[in-house]
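Model, not experiment: these values are computed from the prediction.
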Amino acid sequence: LDTPTKRYSSGMTVRLGFAIAAHLEPEILVVDEVLAVGDAEFQKKAIGKMQDVSTNDGRTVLFVSHNMASVSNLCKTGIVLKNGTTQYAGTAEEAINYYLKDNDGITTQPNEIFAQKDGYEVTIKINTHGRNDNIVLPGKPINFELKVKTKNKIKNAGIGLGINDRNGSRISTYHTHFEIADKFDIEYSSVITITEDFNKFCAGEYPLILSIFSNEQAIVSWPNLGNFKVEEYDIYNTGRLPKTSYQGNILSNAKWKIQ
């Protein structure tokens, strides 16, 4: 408290500014990248204060951040800005999807995802349980069909298809580097199929991430290709629907024995 503010670090200055602004009880609290500084305890306090201002006091919080998990947890409405102008306005979830897909040449349809970037094109079709759409059932077989077109032949190619949760944390990855021993090439236009007999994902929406490699070096990546949705389903035949709120993202396939 006795230290002159001119000797504060940038993080300390931001924390002090947030503390002052939050306790002045403004009608609109503007918070710009506050969670980018400070330790975990400060971030926890800051999030709690913003939630208290908006939920309990009924006041507006304008939260500016590049952290998609924080935006998703704190905000109901989202606006994407670019070069000082509004590019998109909608729900927080819609705005996050727009922001993540921007400049990656991604379009989606009910049964497929198409993306192009730097001369590469990829189409992903998701098939499961005799269906052909982006909605799949937990516990049933799941199939990802990747059609890849390249501007040049890719030697010693590799494919990595990652699956995240809504906060951007990686849940699972299908990767030829670990799962295929033989080297292969992509001849300008190739079809790669990933099949899993047991869809391990609980009900919810999951963002897809795709990278194409040559000699184990990534040559093009899409950090967010869009989501595929897993429906609620009585996978265990108990009359109960597993939910991510208590089941987590990954379903168990365990055998129980009670004596």
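Pairing each heavy atom of Ile209 with each of Pro223, the nearest pair is CG1-O, 3.1 Å. Of all the heavy atoms in Leu161 and Ile194, the pair that sits closest is CD2-CD1, 4.0 Å. Summarising the geometry of Lys147 relative to Glu145, their closest heavy-atom pair is CE-OE2, 3.3 Å, with the distance given to 0.1 Å. Closest approach of Ser214 and Ile154 over heavy atoms only: CB-CG2, 3.8 Å. Here the closest non-hydrogen pair linking Glu232 and Ala203 is CG-CB, 3.6 Å. Taking every heavy atom of both residues into account, Asp234 and Asn237 meet most closely at OD1-N, 3.1 Å.
Note on Ile79 and Leu29: separate hydrophobic clusters, where clusters join Ile, Leu, Val, Met, Phe, Trp and Tyr whose side-chain heavy atoms are under 4.5 Å apart, directly or indirectly. The hydrophobic cluster containing Leu210 also contains Tyr120, counting ILVMFWY residues as joined when their side-chain heavy atoms lie under 4.5 angstrom apart, directly or transitively. The hydrophobic cluster containing Val230 does not contain Leu241, counting ILVMFWY residues as joined when their side-chain heavy atoms lie under 4.5 angstrom apart, directly or transitively. In this structure, Leu81 is not a member of the same hydrophobic cluster as Val30, with clusters built from ILVMFWY side-chain heavy atoms closer than 4.5 Å. In the hydrophobic clustering of this structure, Leu225 groups with Ile126; members are Ile, Leu, Val, Met, Phe, Trp, Tyr whose side-chain heavy atoms approach within less than 4.5 Å, directly or through other members.
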ask   = Given the rule in the side chain to side chain contact (heavy atoms under 4.5 Å, CB included) test, do Asp32 and Val14 qualify, once you have shown the distances and angles that lead to the verdict?
value = CA-CA 9 Å; Asp32 190 351; Val14 171; over 6 Å; no
message = Would Asn224 and Leu208 count as a side chain to side chain contact (heavy atoms under 4.5 Å, CB included) here? Give the steps.
response = CA-CA 6 Å; Asn224 192 307; Leu208 293 172; over 6 Å; no
inquiry  = For Ser252 and Tyr236: C-alpha separation, side-chain torsions, deciding distance, then whether side chain to side chain donor-acceptor pair (under 3.5 Å) applies.
reply    = CA-CA 10 Å; Ser252 64; Tyr236 302 118; 3.2 Å; yes
task = Take Phe184 and Ser190, measure what side chain to side chain contact (heavy atoms under 4.5 Å, CB included) needs, and give me the verdict at the end.
result = CA-CA 11 Å; Phe184 69 96; Ser190 299; over 6 Å; no
ask   = Given Lys140 and Tyr233, is the side chain to side chain contact (heavy atoms under 4.5 Å, CB included) satisfied, shown in steps?
value = CA-CA 10 Å; Lys140 300 295 183 180; Tyr233 179 70; 3.3 Å; yes
ask   = Please walk me through it: do Gln87 and Thr85 pass side chain to side chain donor-acceptor pair (under 3.5 Å)?
value = CA-CA 6 Å; Gln87 295 291 302; Thr85 61; 3.3 Å; yes
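The list of salt bridge (Lys or Arg N to Asp or Glu O under 4.0 Å) pairs with a residue in residues 85-97, not counting sequence neighbours, reads Glu93-Arg166. Pairs of residues two or more places apart, or lying in two chains, never qualify as salt bridge (Lys or Arg N to Asp or Glu O under 4.0 Å) while including a residue from residues 217-226. The salt bridge (Lys or Arg N to Asp or Glu O under 4.0 Å) contacts involving residues 186-214 comprise Lys153-Glu187, Glu196-Lys200, where partners must be two or more places apart or lie in separate chains.
Using a distance-only test at 3.5 Å, with no hydrogens or angles considered, a donor-acceptor pair links the side chain of Thr176 to the main chain of Ile159. Judged by distance alone, with hydrogens and angles left aside, the side-chain atoms of Arg170 form no donor-acceptor pair with the main-chain N or O of Gly162 at under 3.5 Å. Judged by distance alone, the side chain of Thr86 and the main-chain N or O of Tyr88 form no donor-acceptor pair under 3.5 Å. Judged by distance alone, the side chain of Ser54 and the main-chain N or O of Met50 form a donor-acceptor pair under 3.5 Å. Put simply, the side chain of Lys117 never gets that close to the backbone of Trp222: no donor and acceptor are under 3.5 Å apart.
Put simply, the side chain of Glu121 reaches to within 4.5 Å of the side chain of Phe114, judged on heavy atoms. Between Asn164 and Tyr206, every side-chain heavy-atom pair lies at or beyond the 4.5 Å cut-off. Between Glu41 and Lys45 the shortest side-chain heavy-atom distance falls below 4.5 Å.
The line from CG of Asn156 to CG of Asp185 is 6.0 Å long, rounded to the nearest 0.5 Å. The structure places CG of Leu251 at 7.0 Å from CG of Asn199, a figure rounded to the nearest 0.5 Å. Here CD1 of Ile124 is found 8.0 Å from CZ of Phe144. Values are rounded to the nearest 0.5 Å. Annotation: the span from Thr55 atom OG1 to Leu74 atom CG amounts to 9.5 Å, rounded to 0.5 Å. Leu137 contributes atom CG, which lies 9.5 Å from atom CD1 of Ile235 (distance to the nearest 0.5 angstrom). A distance of 5.5 Å separates OH of Tyr8 from CG of Leu16, quoted to the nearest 0.5 Å.
The number of heavy-atom neighbours closer than 6.0 Å to CG of Leu24, taken from other residues, nucleotides and ligands shown, is above 12. With a 6.0 Å radius and a threshold of 12 heavy atoms from other residues, nucleotides or ligands, Glu27 has its CD atom at or below the threshold.
In this structure, a donor-acceptor pair under 3.5 Å is absent between the side chains of Tyr174 and Thr195.
By the 30° and 60° cut-offs, the orientation of the rings of Phe42 relative to Phe18 is perpendicular.
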